[in-house]
Amino acid sequence: MSQSSSAPCLPIDLASCLESLDVGLEIWNNHDQLVWYNKGDNCLRSASFFPEDVGKSFVTLQALDRRGGQLAGGSMDSVYGQDPVAATRPNHKEPALQELSGGRWVKNFETLTPDGYLVVVRVNVTELVRQGRQLEARNRQLDLLSNTDSMTGIANRRRFDEALIAEWQRASRNGNELSLLMVDIDHFKKYNDHYGHLAGDACLRRVAQVLLQCTRRAGDLAARFGGEEFVMLLPAADVSRALEVAEKCMVDMQLMGLPHAASPTSPTLTVSIGVACLDDPARFSPVALINAADAALYRAKAAGRARYALATQADWEIAADMPRTIGSGSPLLSP
Ligand SMILES: Nc1nc2c(ncn2[C@@H]2O[C@H](COP(=O)(O)OP(=O)(O)OP(=O)(O)O)[C@@H](O)[C@H]2O)c(=O)[nH]1
């Protein structure tokens with residue numbers, strides 16, 4: 001590629017118009033020589049051009065190391081990257097987003113004219129990027145809030161409903177089991193009456209943390225179902241694992257040793273758990289799984305509390321027909 005100093009000039013009035021634009025603008029001819037740039041371009045690049053650069057080829061300019069000299073910022077490499085092909089003639093099809101020093105962001109639009117000229121337009125998008133990032137962070141925060149129970153900090157009912165549907169579908173596809181534990185604090189009304197409602201709230205938080213500790217496998221989910229009721233969703237868990245988790249909950253609750261002086265069952269807080277394991281998701285709906293765990297919980301309560309019970313065949317048969325109140329907006333409501 002020859003270096004020529006006969007780069008074409010723009011008419012002065014057009015040049016002054018382009019100079020006044022609030023964007024960076026540079027033009028390369030079909031020999032990869034710099035034809036023209038405006039002042040704005042130098043503000044939006046890591047390295048500046050100088051008047052004597054006009055007419056020099058891209059490769060030549062790239063080879064000039066100006067970092068130690070008159071320039072602040074990087075070299076041509078930092079503008080066009082290290083890719084030698086891209087560097088020969090920068091021609092991104094998509095506008096390229098580029099980070100500059102000082103947290104500035106520039107979007108580079110590159111257009112090839114029919115006669116082979118490359119026009120590069122640089123737009124300062126720092127504010128847009130900043131706002132976009134702020135929005136993403138807020139969305140993440142909102143997402144978290146909308147899926148979290150504000151009282152206990154664990155997953156809320158909405159998150160549970162979504163997870164149940166997703167895991168039930170996954171289990172149906174893969175032929176895996178899906179287990180559900182319905183956990184209910186024993187004599188919680190008496191706890192509230194004895195220690196006060198705020199202590200009751202603190203108790204709910206303690207129980208939630210214990211349940212969280214018991215759901216350690218990837219995909220396991222502990223959530224507050226409502227009031228003093230919690231659920232534990234255990235994907236790919238067969239009956240023996242589901243009972244294992246229920247047993248661990250009972251033991252950990254005992255280890256927590258939270259006094260419950262008003263409980264006729266035990267001097268410390270206890271829970272009752274209904275366990276349901278769906279080994280053929282095609283046969284029963286997600287709602288039936290909740291109902292079966294609920295029916296088992298009822299039997300655990302009736303048998304004296306502070307224990308777990310596994311859903312029986314009879315529980316499943318009843319569960320299949322029985323509707324259960326689902327929170328409004330729950331995905332379980334949709335067909
Ligand atoms: N402190 C507090 N109490 C709650 C909250 N949600 C529900 N409750 C209370 O939980 C109690 C549940 O009482 P019941 O349904 O009679 O059940 P229980 O007293 O635990 O009795 P059993 O389940 O039969 O052992 C009610 O008194 C509710 O007021 C809450 O967010 N905070």
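Positions are given from 1, in the same order as the sequence printed here. For ligands, and for the atoms within them, numbers begin at 1 and follow the listed sequence.
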Where ligand 1 meets [X] - atom numbers and elements under 4.0 angstrom, heavy-atom basis:
{"X": "R305", "answer": "22 (P), 24 (O), 25 (O)"}
{"X": "I185", "answer": "20 (O), 23 (O), 25 (O)"}
{"X": "H197", "answer": "1 (N), 2 (C), 3 (N), 32 (N)"}
{"X": "G200", "answer": "1 (N)"}

Any idea which protein heavy atom is nearest [atom], and the distance to it?
{"atom": "atom 23 (O) of ligand 1", "result": "K301 NZ, 2.8 Å"}
{"atom": "atom 32 (N) of ligand 1", "result": "D201 OD1, 2.7 Å"}
{"atom": "atom 6 (N) of ligand 1", "result": "G227 CA, 3.3 Å"}
{"atom": "atom 19 (O) of ligand 1", "result": "K189 N, 2.8 Å"}
{"atom": "atom 9 (C) of ligand 1", "result": "N192 ND2, 3.4 Å"}

Query - Point-to-point distance, once rounded to the nearest 0.5 Å, from CG of N124 to CH2 of W105 - result: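 Taking CG in N124 and CH2 in W105, the distance rounds to 12.0 Å.
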Requested in this report: Quick one: pull up CD1 in I185 and CD in E229 and give me the separation to the nearest 0.5 Å.
Outcome: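 Nearest 0.5 Å value for the CD1-CD distance: 10.0 Å.
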Is atom [atom1] of [X] surrounded by more than 12 heavy atoms (other residues, nucleotides or ligands) closer than 6.0 Å?
{"X": "R170", "atom1": "CZ", "answer": "no"}
{"X": "N139", "atom1": "CG", "answer": "yes"}
{"X": "R217", "atom1": "CZ", "answer": "no"}

Does any N/O atom on [X] come nearer than 3.5 Å to any N/O atom on ligand 1?
{"X": "F188", "value": "yes"}
{"X": "D186", "value": "no"}
{"X": "L204", "value": "no"}
{"X": "K190", "value": "no"}

Report task. Answer side chain, backbone, both or neither: which part of D184 comes under 4.0 Å from ligand 1, heavy atoms only. Result ->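 Under 4.0 Å from ligand 1, D184 contributes side-chain atoms alone.
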Query raised in the report: Side chain or backbone of R224 under 4.0 Å from ligand 1, or both, or neither, by non-hydrogen atoms?
Result: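 Contact part for R224 vs ligand 1: side chain (C-beta onward).
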Say whether, by atom type as modelled, one donor and one acceptor occur between the side chain of [X] and the main chain of [Y] under 3.5 angstrom.
{"X": "Y195", "Y": "A262", "result": "no"}
{"X": "R158", "Y": "S146", "result": "yes"}
{"X": "D315", "Y": "A293", "result": "no"}

Query raised in the report: Can you tell if the side chain of F160 reaches within under 4.5 Å of the side chain of L180, non-hydrogen atoms only?
Result: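 Yes, their side chains come closer than 4.5 Å.
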**Report entry** Polar side chain donor-acceptor pair, T270 to D186, under 3.5 angstrom
**Finding:**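 T270 vs D186: donor-acceptor pair found between side chains.
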Requested in this report: Counting heavy atoms only, name the option from E228, M151, R205 that's nearest to atom 12 (C) of ligand 1.
Outcome: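 Heavy atom nearest to atom 12 (C) of ligand 1 belongs to E228.
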